[in-house]
Amino acid sequence: MLPQPIHEIFKSPRRILALGIGGGWDVISGLGLPLALIDSGHEVILANLTFTLIEGIEGASQLSPNLYCVEQGCRSVLPYAP
């Protein structure tokens, strides 16, 4: 396989933010890249801009007026919460 430019950009370990703005599916469908970066020794943080009523997420921690931490185990009271 030919070397890819991304390998040159990320050749030394870094902290990388993988951000989606499509309701969550863009992050989920793109997980291959963050997982490959983690396997290469990088620290990867996943984030998403949402249009969901975030106050309806049980267990979410509000870190600032517009920033919430939603981790595994959080549940939505809404039928659809990307």
Side-chain angles (χ1 to χ4, degrees):
M1 181 191 306
L2 295 173
Q4 299 297 314
I6 197 160
H7 295 298
E8 192 63 30
I9 294 168
F10 296 114
K11 65 182 173 184
S12 61
R14 299 175 176 203
R15 181 177 298 147
I16 300 164
L17 174 63
L19 174 66
I21 56 170
W25 293 112
D26 51 346
V27 173
I28 297 300
S29 63
L31 272 178
L33 178 59
L35 292 175
L37 290 168
I38 290 168
D39 286 345
S40 298
H42 302 284
E43 178 184 355
V44 178
I45 301 158
L46 297 175
N48 185 53
L49 178 64
T50 187
F51 52 81
T52 297
L53 176 67
I54 199 73
E55 294 83 6
I57 306 293
E58 295 175 351
S61 306
Q62 187 172 8
L63 304 177
S64 69
N66 296 308
L67 180 64
Y68 286 78
C69 179
V70 181
E71 298 179 295
Q72 182 178 0
C74 292
R75 298 288 178 247
S76 175
V77 298
L78 304 171
Y80 178 70

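Looking at every heavy atom in both residues, Ala18 comes nearest to Pro34 through CB-CG, 4.1 Å. Across all their heavy atoms, Ser76 and Leu78 have their closest contact at OG-N, 2.9 Å.
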Full working for side chain to side chain contact (heavy atoms under 4.5 Å, CB included) between Ile57 and Arg75: CA-CA 6 Å; Ile57 306 293; Arg75 298 288 178 247; over 6 Å; no
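Applying the side chain to side chain contact (heavy atoms under 4.5 Å, CB included) test between Leu46 and each of Leu31, Ile16, Leu17, Leu19 identifies Leu31 as the sole match.
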Kindly list each side-chain donor-acceptor pair under 3.5 angstrom involving residues 36-43, sequence neighbours excluded, with atom names and distances?
| residue | atom | partner | partner atom | Å |
| --- | --- | --- | --- | --- |
| Ser40 | OG | Ala36 | O | 3.0 |
| His42 | ND1 | Arg14 | N | 3.0 |
| His42 | NE2 | Phe10 | O | 3.0 |
| Glu43 | OE1 | Arg15 | NE | 3.1 |

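Glu58 is listed as a side-chain neighbour of Val77, based on a closest heavy-atom distance under 4.5 Å.
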